[in-house]
Amino acid sequence: MSRICVVGAGYVGLVSAACLAKLGHYVTCVEIDADKVRSIKQGRVPINEPNLKPLWEHHQRLGQLSITTDYVEALAGAEFVFLCVGTPPNEDGSADLSHVLAAARSIAGGLLDDARPVVVLKSTVPVGTADRLRAFFSERLLPDGLTVVSNPEFLREGLGITDFLQPDRIIVGAEEPEAAGAVAGLFGDIPAPLIVTDSRTAELTKYASNAFLATKVSFINQLAELSEACGVDVTAVSEALGLDPRIGGAYLQAGLGWGGSCLPKDLAALVHTADRTGVANELLVAVQEVNRRQPELLLDKLSELLGPLDGLSVALWGLTFKPNCDDLRESPALRLVRVLQSEDCEVRAYDPAVNEAAELSGVAICGDPYTSAIGADVVILATAWDEFRSLDFRRVRGLMRGDVLVDARNALDPSSITEAGLTYIGIGRPTVRPRIAGVLS
Ligand code: NAD
């Protein structure tokens, strides 16, 4: 079993630390946000990730897992240092490496004597970053610097623990075979294909993966527009498409578009890399453009149906970028809020995981979906939380002023909506009027 220091206690850092402890290792996290460290020490895990809290507490009790703000303490005895800090986008779309570089400086400054742990880059970083870190450490830590290995992370928020412990593949990008073997060995008997490659390939693979997922979503969203124009239901098309194993059904659901902390920034960074290297990138740019348009297309559809939108009262169901997490970063629902507000609509929102957020100024946050629907002209389901599927839609209709429900994730059964007296609007599906017109009016 190894001693591991994990740098950065965000989604990836916390999940990696807890899972590495579960695999039997001794893990110390180092995090610069002192409030976060204090609250984790007091038993409050700051992210809403299923099963993370009990796993964290269990291994903390066993003395296998701890957290600190002190690099010297965290690095003491560490054989591996997992870098899990954020790589947000710069204004030009490139990845901001300032957190990675600051962490590298702190590692170089915090190592005792001749300690030389292997640095494992889990953060998503542009091609060449591991090379850059190697050069940095060889200048700072003579004579040999540190070994840097890329090990990109593919976990999905909301499924982080499962994805870490049962990954589809483990990618280890290293320049020395011994270092690759040592890092691969940390994952014990996890039965996943192991891809050992050089660090540049590992770095590009991570971006390629997210770019491909975004492409699938934008593809089906564009096809949704075409389906509507042709009077076809895109959900039937995507079901049939997805059964082809060459295509696969994941990420093939039409909706409000992709978001979150990874896809938008990673696609932007890949576009930037293509620009920088002079390689054509029209496909990736189109993928971004289709995504940017999704909330606007939805509003066009609403104004076609209802006329001018100013003064419209909208109940928005779901704010997080996807269900089962509390992450609002780059959420399509928030982009929709901004488009609605630019049309002078009044927005009342409900999300099972969100009580307040700075990004939601001007939005009334409600404690349940029914309250948000009171007096609404339109309800829009923006994030497909399970609880929206089993609501009493007759009750919803009775609370509303209007009768339109927009299912912007194609998550609901249109017939249960129309039976409740609501007009159903999906994405890439025919609009369906209520079965019994004015049933509750
Ligand atoms: P995050 O913003 O949730 O967490 C990063 C943490 O690092 C924060 O707590 C921050 O305070 C801390 N930090 C920043 N600088 C530090 C420093 N110098 N020393 C110590 N701590 C520092 O980020 P995240 O979502 O966990 O993502 C981390 C990286 O993993 C990113 O590159 C991201 O693209 C990648 N990634 C994320 C996911 C995901 O689902 N969130 C999945 C795969 C890969």
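Computed from a predicted model, the values in this text were never measured in an experiment. When a ligand or atom number is given, it counts from 1 through the structure's own listing order.
Counting heavy atoms closer than 4.0 Å to ligand 1, residue Pro152 contributes nothing at all. When non-hydrogen atoms are compared, ligand 1 lies under 4.0 Å from the backbone of Leu155 as well as from its side chain. Contacts with ligand 1 closer than 4.0 Å are made by heavy atoms of both the backbone and the side chain of Ser123. With a heavy-atom cut-off of 4.0 Å, Tyr207 does not touch ligand 1 at all.
The ligand atoms of ligand 1 that sit less than 4.0 angstrom from a heavy atom of Ala103 are 18 (N). Proximity to Val7 (heavy-atom distance under 4.0 Å) selects the following atoms of ligand 1: 19 (N), 20 (C). Close approach to Ser261 involves these atoms of ligand 1, each under 4.0 Å from a residue heavy atom: 41 (N). Atoms of ligand 1 found under 4.0 Å from any heavy atom of Val30 (numbered from 1 in listed order, with element): 20 (C), 21 (N). Atom numbering of ligand 1 starts at 1 in the shown order; those under 4.0 Å from a heavy atom of Glu153 are 43 (C), 44 (C).
Using a 4.5 Å heavy-atom threshold, the side chains of Arg335 and Gln294 count as separate.
Residues Asp131 and Arg200 are paired through a salt bridge, judged by an N-O separation under 4.0 Å between the basic side chain and the carboxylate. Using a 4.0 Å cut-off between charged side-chain N and carboxylate O, Glu79 and Arg3 make no salt bridge. The residues Glu49 and Lys53 are annotated as not salt-bridged, no charged nitrogen and carboxylate oxygen being separated by less than 4.0 angstrom. By the 4.0 Å N-to-carboxylate-O rule, Glu157 lies close enough to Arg329 to be salt-bridged with it. Arg246 and Asp244 are joined by a salt bridge, as a carboxylate oxygen and a charged side-chain nitrogen come within less than 4.0 angstrom of each other.
Taking the six-membered ring wherever Trp is involved, the centroid distance between the rings of Tyr350 and Trp317 does not fall below 6.0 Å.
Looking at ligand 1, you won't find any N or O of Asp266 less than 3.5 Å from one of its N or O atoms. The N/O atoms of Tyr11, backbone and side chain alike, include one that comes under 3.5 Å of an N/O atom in ligand 1. Checked against a 3.5 angstrom limit, the closest N/O atoms of Val12 and ligand 1 fall inside it. Annotation: Lys122 places no N or O atom under 3.5 Å from an N or O atom of ligand 1; distance criterion only.
Partner of Val72 under the side-chain contact (heavy atoms from CB on, under 4.5 Å) criterion, out of Thr68, Leu75, Asp70: Asp70 alone. Across Thr273, Val271, Val287, Leu270, a single residue satisfies side-chain contact (heavy atoms from CB on, under 4.5 Å) together with Asn281, and that is Val271.
Not a single heavy atom of Ser106 sits closer than 4.0 Å to an atom of ligand 1.
Of the protein's non-hydrogen atoms, Gly8 CA, 3.4 Å is the one closest to atom 7 (O) of ligand 1. Shortest contact from atom 32 (O) of ligand 1 to any protein heavy atom: Thr87 OG1, 2.6 Å. Here the heavy atom of the protein found nearest to atom 4 (O) of ligand 1 is Gly10 CA, 3.1 Å. Counting protein heavy atoms only, atom 20 (C) of ligand 1 is closest to Tyr71 OH, 3.3 Å. Summary of contacts: the protein heavy atom closest to atom 34 (O) of ligand 1 is Lys265 NZ, 2.6 Å. Glu31 OE1, 3.5 Å is the protein heavy atom nearest to atom 8 (C) of ligand 1. Atom 38 (C) of ligand 1 has Cys262 SG, 3.3 Å as its closest protein atom, hydrogens excluded (heavy atom only). Nearest protein heavy-atom contact of atom 29 (C) of ligand 1 is Val85 O, 3.3 Å.
More than 12 heavy atoms of other residues, nucleotides or ligands sit less than 6.0 Å from atom OH of Tyr207.
Residue nearest to atom 1 (P) of ligand 1, selected from Glu157, Lys36, Arg329: Arg329 (by heavy-atom distance). The heavy atom nearest to atom 35 (C) of ligand 1, out of those in Asn210, Thr124, Leu14, is found in Thr124.
No hydrogens or angles considered: nothing links the side chains of Asn221 and Ser218 as a donor-acceptor pair under 3.5 Å. A donor atom on one side chain and an acceptor atom on the other are found under 3.5 Å apart for Thr87 and Lys265. Looking only at atom types and distance, the side chain of Glu153 has no donor-acceptor partner in the side chain of Ser16 under 3.5 Å away.
Side-chain atoms of Arg409 come within 3.5 Å of backbone atoms of Ala382 as a donor-acceptor pair (strictly under, hydrogens ignored).
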